[in-house]
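For this chain, numbers begin at 1 and follow the sequence in order.
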Amino acid sequence: MDKPHILHVDMNAFFAACHQAQDPSLKGKPILVSGDPSSRRGIVLTASYEARAYNVKTAMPTGQALSLCPQALIIKPDFQLYSFYSQQVMIILSSYTPLVEQYSIDEAWLDVAGCERLFGPSGEIARKIKQHIKDELDLTCSIGVAPTKILAKMASDLKKPDGLVVITKDNITSRIWPLPVDSLFGVGPQTAASLRNLGITTIGDLARFPAETLKRRFGTYGPCLVKLAQGEDDSPVNPDSDTV
């Protein structure tokens, strides 16, 4: 496993945070970005962390969210606003490396190999990016730093909001392997259920499981899962990706 050189940047509660950045009076208040505020129906697209403290979750019916957090403010989605902030985030990321692959409106991978002379080690680059986004846009993000894209994405999920987690060959077994197997990027509910039927409940279980046995059960996808669990992933950061 190579040294960590791939970053995954994940903006925190992005839609809600954009409204709070645009209107500072909303800071510190529970916000539900959801449908038509006048009808108080629909589903929650994003909840601010102040609302999440009341167990409000994305995709929850707005009525249910309000029963959990009656004081929440409902804000109508503004996709032009989110697009503007997304573009500004990507401009900032591109100022550190040309190898930026946008994965969604609020997520991107960066390959910073070779950028150390300009900005320092990968962990320091991540800290600079976090501060740059905070200073310029008043938004926070969580960043995972790892040798591969999959590990970097998983690392960014480990500490939210405003987190920074570095995964190396020395700590993958302590930071990633104890996680539930459905935490592995690419493992959906059905695959996770099948793996649990085989006694595989954690990513570490999967990493140590005989690949040939999984090949008989899942075809070529089985050994691929074992490699991903072991931290092996050779997919490059692709600036020309059309994922978004």
[X] vs [Y] side-chain heavy atoms within contact, under 4.5 Å:
X	Y	value
L179	M154	yes
L158	I176	yes
I31	E50	no
F15	I105	yes

Answer yes or no: is there a donor N or O on one side and an acceptor on the other, between the side chain of [X] and the main chain of [Y], under 3.5 Å?
X	Y	answer
S34	I43	yes
T168	P4	no
W177	A229	yes
K130	S142	no
S83	Q80	no
T140	D162	no
T62	G42	yes

So which atom in [X] and which in [Y] form the shortest heavy-atom distance, rounded to 0.1 Å?
X	Y	answer
A108	L93	CB-CD1, 3.8 Å
T173	P178	O-CD, 3.3 Å
N171	V166	ND2-O, 3.0 Å

**OP:** Report, as yes or no, whether the 6.0 Å neighbourhood of atom OH on Y49 holds more than 12 heavy atoms from other residues, nucleotides or ligands.
**Re:** yes

Original post:
Within a reach of under 6.0 Å around NZ of K128, are more than 12 heavy atoms found that belong to other residues, nucleotides or ligands?
Top reply: yes

Run the side-chain donor-acceptor check on residues 181-196: report pairs under 3.5 Å with partners two or more places apart or on a different chain.
residue: S183; atom: OG; partner: P180; partner atom: O; Å: 3.3
residue: S194; atom: OG; partner: Q190; partner atom: O; Å: 3.2
residue: S194; atom: OG; partner: R217; partner atom: NH2; Å: 3.1

**OP:** With sequence neighbours excluded, tell me which residues meet side-chain contact (heavy atoms from CB on, under 4.5 Å) with C224.
**Re:** none

Subject >> All side-chain contact (heavy atoms from CB on, under 4.5 Å) counterparts of A211, not counting sequence neighbours >> reply: P223, V226

**OP:** Pick out which of K159, K153, K160 makes a salt bridge (Lys or Arg N to Asp or Glu O under 4.0 Å) with D10.
**Re:** K160

Original post:
Under 30°, 30 to 60°, or over 60°: which ring-plane class applies to Y96 and F119, parallel, tilted or perpendicular?
Top reply: tilted

